[in-house]
Asks: 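First the structure, which I've put down as structure tokens, then a few questions once you've had a look.
Below, each value reflects all heavy atoms present in this structure, side chains not excepted, and no hydrogens, waters or symmetry copies. Fair warning: this is a prediction, and the values are worked out from it, not measured in the lab. Chain naming here is simple, since letters A, B, ... match the order of the sequence lines and numbering starts at 1 in each.
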Amino acid sequence: MPELPEVETIRRGVEPYVIGRRIEAVVVRDARLRWPVPKTLPAYATGKQIHGVTRRGKYLIFDLGGDRLIVHLGMSGRLNVLEHDAAPRKHDHVDLRLSGGIVLRFHDPRRFGAVLPWPAGHADHVLLRGMGPEPFSDAFSGDYLYKRSRRRSAPVKTFIMDGRIVVGVGNIYASEALFRAGIRPGRAAGRVSRAAYAALAAAIRDVLSIAIEHGGTTLRDFAGARGEAGYFQQELMVYGRDGEPCRRCGTAIRRLVIGQRSSFYCPHCQP
DNA sequence: CTTTACGCCTGACGGC
DNA sequence: TGCCGTCAGGCGTAAA
């Protein structure tokens with residue numbers, strides 16, 4: 001499933017193929033996504049031009065010139081650019097047929113994703129309301145994390161994965177960033193020092209930007225916008241490495257469940 | 001307010 | 001070969 005680097009990789013991959021093109025038709029084969037694709041979506045989108053593709057957290061936003069289209073990939077979603085129309089395969093739920101013969105195809109086996117209209121005039125979409133700052137924005141800093149975390153008992157890993165605190169940090173990069181910052185994932189967020197949060201904010205930005213440079217992480221469901229793989233997996237320090245030696249000190253990496261999610265850490269490097 | 005558990009789904013994998 | 005349990009990248013919701 002895509003985290004921020006995967007979504008950003010997809011955004012960068014898709015945008016040049018769709019920008020300036022007109023949506024000629026919308027084909028909904030299965031509307032049963034996280035929220036049902038509205039029956040009004042084809043009429044809403046057809047005839048409009050795609051002016052650009054932006055990202056907020058893990059949401060992709062297609063700018064239709066005032067009106068917008070929100071796409072979320074959930075755990076297993078993909079967005080493929082087809083230069084020629086091709087027969088749909090299993091789980092190819094939604095197509096945007098664009099001018100010039102390009103087809104943008106939403107594929108999502110688990111159907112945790114979403115394709116939703118966001119009409120002009122609705123200033124803040126309900127799904128985007130209350131979201132925390134982007135990790136690369138000025139609003140996101142060690143001091144910010146420190147202030148937001150006071151008197152919180154929840155684990156620091158859960159804290160940084162909370163989209164109301166900061167967007168885009170998913171399960172892989174939460175473990176990776178905590179390793180880089182030398183912080184145990186199960187530590188209470190309110191008991192992490194200001195200095196450690198400074199290191200953590202930097203680590204989050206570093207790990208996300210390096211992952212974007214590598215085109216994301218390849219795991220079982222992720223492929224880039226046109227099907228190519230990402231190369232961050234070989235850079236992973238702890239995620240999925242339970243029992244394997246720490247790349248820094250050789251100690252066996254441990255796995256534990258925090259907030260119902262697998263978490264990985266080095267007991268020596270993350271005291 | 002914060003914290004925690006639970007669904008929503010399909011598919012891959014390992015053990016028997 | 002099949003069956004069954006576990007796990008998977010997200011996140012809104014309800015309950016405590």
Asks: With both distances under 3.5 Å as the test, what is the Watson-Crick or G-U wobble partner of C:dG5?
Replies: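 C:dG5 is paired with B:dC13.
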Asks: Counting only distance, no hydrogens or angles, is the base of B:dC9 paired donor-acceptor with the side chain of A:Arg110 under 3.5 Å?
Replies: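 Under the 3.5 Å cut-off, the side chain and the base do form a donor-acceptor pair.
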Asks: Contact class for A:Tyr59 (heavy atom, under 4.0 Å): base, sugar-phosphate, or nothing?
Replies: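 It contacts sugar-phosphate atoms only.
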Asks: With A:Arg29 as reference, evaluate A:Asp95, A:Asp108, A:Asp92 under the salt bridge (charged side-chain N to carboxylate O under 4.0 Å, His left out) test and give the passing residue.
Replies: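 The salt bridge (charged side-chain N to carboxylate O under 4.0 Å, His left out) with A:Arg29 is passed solely by A:Asp95 among A:Asp95, A:Asp108, A:Asp92.
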Asks: Side chain of A:Gln260 only, heavy atoms from C-beta on: which candidate in C:dG10, B:dA5, B:dT10 is closest?
Replies: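 Closest nucleotide to the A:Gln260 side chain: B:dA5.
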Asks: With rounding to whole Å, what would you report as the distance between C:dC3 and B:dC9 at their P atoms?
Replies: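 Between the two P atoms, the distance is 23 Å.
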Asks: Which part of the nucleic acid, if any, lies within contact of A:Ser262, taking any heavy atom under 4.0 Å across all strands shown: a base, the sugar-phosphate backbone alone, or nothing?
Replies: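 Sugar-phosphate, backbone atoms only, no base.
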Asks: When all nucleic acid strands are considered with a 4.0 Å heavy-atom cut-off, which category describes A:Arg148: base, sugar-phosphate, or nothing?
Replies: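 Nothing: the residue A:Arg148, judged by heavy atoms under 4.0 Å, touches no strand.
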Asks: Where is the tightest heavy-atom contact between A:Pro135 and A:Leu4, given as atom of each residue plus distance?
Replies: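 The answer is CG-CD1, 3.9 Å.
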Asks: Report the nucleotide, chosen from C:dA8, B:dT3, B:dG7, that has the shortest atom-to-atom distance to any side-chain atom of A:Arg34.
Replies: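 Shortest atom-to-atom distance from the side chain points to B:dG7.
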Asks: When you look at CZ of A:Arg152, are more than 12 heavy atoms from neighbouring residues, nucleotides or ligands closer to it than 6.0 Å?
Replies: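 For A:Arg152, atom CZ is crowded (more than 12 foreign heavy atoms under 6.0 Å).
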Asks: In whole angstrom, give the distance that lies between atom CZ of A:Arg164 and atom P of C:dG10.
Replies: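 Nearest whole value for this atom pair: 16 Å.
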Asks: Are A:Phe232 and A:Tyr173 close enough that their ring centres sit under 6.0 Å apart?
Replies: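 Yes, the ring of A:Phe232 comes within the 6.0 Å limit of the ring of A:Tyr173, centre to centre.
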Asks: Counting only side-chain heavy atoms from C-beta out, which of C:dA8, B:dT3, B:dC8 sits nearest to A:Phe112?
Replies: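 The nucleotide sitting nearest to the side chain is B:dC8.
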Asks: Tell me what A:Arg152 touches on the nucleic acid: a base, only sugar-phosphate, or nothing, going by heavy atoms under 4.0 Å.
Replies: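 Answer is sugar-phosphate: A:Arg152 comes under 4.0 Å of backbone atoms only.
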Asks: The side chain of A:Arg255 is closest to which nucleotide in this list: B:dT4, C:dA8, C:dG10?
Replies: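 Within the option list, the nearest is C:dA8.
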Asks: Quick one: which of C:dC11, B:dT10, B:dC8 gets closest to the side chain of A:Lys58?
Replies: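 Nucleotide nearest to A:Lys58's side chain: C:dC11.
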